[in-house]
Enquirer: 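Mind looking over this structure? Questions follow.
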There are 2 protein chains.
Amino acid sequence: MKPKLTLKQIARELDVSISTVSKALRDSSEIGEDTRQKIKAFAKLYNYRPNNIALSLKNRKTKTIGIIIPEIVHYFFTTVISGVEQVANEKGYNVIVCLSNNSFDKEVLNLELLANGSTDGFILSMAKETMQKEDYHHLTEVINQGMPVVLFDRVVDQIHCDKVIIDDVIGAKKAVQYLVDKGAKKIGLVSTVDYVSVGKLRTRGYLEVLRDNNVEVDEDLILKIEDMDNSETEIKEFIDKNDVDAVFAVNEHFAIHAIKAIQEKGLKVPEDVSVIGFTDGELSKRFIPSLTTVSQHGERMGAEAARLLIDKLERKPEEEESYKTVIVETSLVERNSTKS
Amino acid sequence: MKPKLTLKQIARELDVSISTVSKALRDSSEIGEDTRQKIKAFAKLYNYRPNNIALSLKNRKTKTIGIIIPEIVHYFFTTVISGVEQVANEKGYNVIVCLSNNSFDKEVLNLELLANGSTDGFILSMAKETMQKEDYHHLTEVINQGMPVVLFDRVVDQIHCDKVIIDDVIGAKKAVQYLVDKGAKKIGLVSTVDYVSVGKLRTRGYLEVLRDNNVEVDEDLILKIEDMDNSETEIKEFIDKNDVDAVFAVNEHFAIHAIKAIQEKGLKVPEDVSVIGFTDGELSKRFIPSLTTVSQHGERMGAEAARLLIDKLERKPEEEESYKTVIVETSLVERNSTKS
DNA sequence: TTTCAACACTCAAACGTTTGCGGAAAATAG
DNA sequence: CTATTTTCCGCAAACGTTTGAGTGTTGAAA
């Protein structure tokens, strides 16, 4: 068990000063050719690697970025992480992942912890509880300390920072318009309650398409799920009660519950009823019938977020502050839950 | 933009020395009651938080653990992370996640990077490429430096360290025995090639059950998938060609491909053919029919791994070295892809 | 021989902490 | 009133780096 080589040990071993070693390894012209070679050879032989922590302290930057998400056991978030990780690694950054479990307190805790030197900046999607409380002081505080933050997916206007979002409204419109184009007349919507921003936006897209196509909105055909744990039975009742020829669901789970309910009602997907989901996850691909969905391109979102963050981190301080919001386009992936 | 309070600034502001501030904040009895109160009040008012990096350097420990996995867009791994994160957080540790993308080189790179001071220890599941190459020098080197490592899921005997695995053989036996008990006579196996250790072990479980029940092994009923990308068609051909009354698949995807193929052949699941998968993911729960599977309890594995690692990290140096392998039991989750 | 530049290297401070030790002032004892 | 203890605080080193300033030696020019 050899306890990790330091500059000091090399210096002692080779009978030079620490600074000589440091400079030699960094190819400074201050050091004579032969000592330089000698030191480099020694370092190589014993596989010297500078200590990251010491470097972080000295440079006042850690080269790591923190990503805080509500939960990790969720396809969309993992694709985002994947995207972040990819560009972060490319640019020499590490990624440290924290989970808020959708709890406000844990989000605050994580943020505080990482803000004390552990990371140079954050990529974050807000916890559900945070959005309900509308308490963002932990975020504004971190931003005030000069730490760059990029919000994605679940964002909020009150916070001034870079953001990466998808065109929820447009995405929903693409989906619903697609259904209309295929001849659907009575399109059901399975959404979430309105304080979940994505639910609200996707609902808006749904309404806009109906309006654009002069279809009257039937409030009975709109279901807003309050309690996720109870979504299956709620959806079943909704489908049983209403007579629809198409369903637009704001996520995968709602979509497959709808399909299940439709099938149990004795109808067929897509022959009798078409179904479109949102979020292109594992489930959509593998389900039978496979789901036509609006793909959110999580990986691309993560990559964009990482790029925004790193840009800000490596920006010269003289450049002036400016916040961007990049919108990642959604796309409709046609599969077997809709008529072709 | 206030640039983060340090001890030095507090000291200057209150006209005392840095050490006085430090000691006061740590409630040292060396400091007089009134100055102590004054300093603590000031620190609280301006929300002082010690700099983690400086602490890490001083204490020579970072209170973060690294987890390196082959890919994150994979249900099992996310549950493991979730488990790790939970107990790590409980004990005041951070988790930094790196992906090897199943590449040997990236695994080495990540390991080296994190080993240079960024983390106190590792939790790791090996990249496929690493297992093929059988080159573990990067791991042994890190271990030799005195950095604790816990391997999980994809482990290897050559490396001496703590390990967390599942009882692959027993899990497979549970599944296959279950099929036998339900009256299956011709049980197909859909597995992977043998250098993937889990494939090999699960195959062994399958064989043992057949032997224990005096069923003759029919090599035609065993499919070993080489190329994941081509698994769907391979499985379809396999099902079309062979007449089975049950299928045991070593993962979710193989299981649903089998179901799909069976259905396309005009047979019904579970009435005509029962199917059991391995790995209890999103897909198993949501698929129609939902899958009977062997659950791997990833979260529990992650938690165990984290506990092992932290134990080792906080162990007194005088205690002697010893490596444990904990086996996390699998359990059979009965759903609708098997006859009840 | 003196003067000065070039060279090769070392010193010391800094990043933000913690902590053993030493020291001055105040309190107590003799 | 001196001697000793106690109280309270500052100094400095340490963790592992980087880097500007400083120092000593050499060789060549004047």
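Order of the sequence lines fixes the chain letters, A, B, ..., with proteins taken first and strands second; residue numbering starts at 1 for each chain. Everything numeric in this text was worked out from a predicted model, so none of it was measured.
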Enquirer: Hey, are Gln86(A) and Glu90(A) close enough side-chain-wise for a donor-acceptor pair under 3.5 Å?
Expert: no
Enquirer: Would you say CG of Asp27(A) has more than 12 non-hydrogen atoms from neighbouring residues, nucleotides or ligands within 6.0 angstrom?
Expert: yes
Enquirer: For Phe152(A) and Phe77(A), take the angle between the two ring planes, folded into 0 to 90°, and tell me which bin it lands in: parallel under 30, tilted 30 to 60, perpendicular over 60.
Expert: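 Ring orientation, 0 to 90° scale: perpendicular.
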Enquirer: Expressed in angstrom and rounded to an integer, what is the separation of Leu7(A) atom CG from dA14(C) atom P?
Expert: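 About 20 Å, once rounded to whole Å.
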Enquirer: Could you check Val21(B) against Leu57(B) and say which one's nearest nucleotide on DNA chain D is further toward the 5' end?
Expert: Val21(B)
Enquirer: Should the pair Glu314(B)-Lys63(B) be classified as a salt bridge under the 4.0 Å nitrogen-to-oxygen rule?
Expert: yes
Enquirer: If you compare every side-chain N and O of Arg60(B) against the phosphate oxygens of dG16(D) (OP1, OP2), does one of them come in below 4.0 Å?
Expert: yes
Enquirer: What is the distance from CG of Asp15(B) to P of dC8(D), rounded to the nearest Å?
Expert: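 Nearest whole value for this atom pair: 19 Å.
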Enquirer: For nucleotides 19-26 of chain C, just jot down a letter per nucleotide in 5' to 3' order: B, S or -, based on protein non-hydrogen atoms under 4.0 Å.
Expert: BBB-----
Enquirer: State which residues pass side-chain hydrogen bond (donor to acceptor under 3.5 Å, both in side chains) with Asp135(B); sequence neighbours excluded, sorted by chain then number.
Expert: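 By the side-chain hydrogen bond (donor to acceptor under 3.5 Å, both in side chains) rule, Asp135(B) matches His137(B).
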Enquirer: Is Leu151(B) close to Leu124(B) at the side-chain level, that is, under 4.5 Å between some pair of heavy atoms?
Expert: yes
Enquirer: Would you call Glu85(B) and Lys106(A) a salt bridge, taking side-chain N to carboxylate O under 4.0 Å as the test?
Expert: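 Yes.
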Enquirer: OP1 or OP2 of dA14(C) versus the side-chain N and O atoms of Lys8(B): is any pair under 4.0 Å?
Expert: no
Enquirer: Please list, in numerical order, the residues of residues 32-56 of chain B that have a heavy atom closer than 4.0 Å to any atom of DNA chain D.
Expert: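 Residues of residues 32-56 of chain B under 4.0 Å from DNA chain D: Gly32(B), Thr35(B).
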Enquirer: I need the CD1-C1' distance between Ile10(A) and dT17(D), as an integer number of Å.
Expert: 12 Å
Enquirer: Using the six-membered ring wherever Trp is involved, compare the ring planes of His74(A) and Phe76(A) and label them parallel, tilted or perpendicular (cut-offs 30° and 60°).
Expert: perpendicular
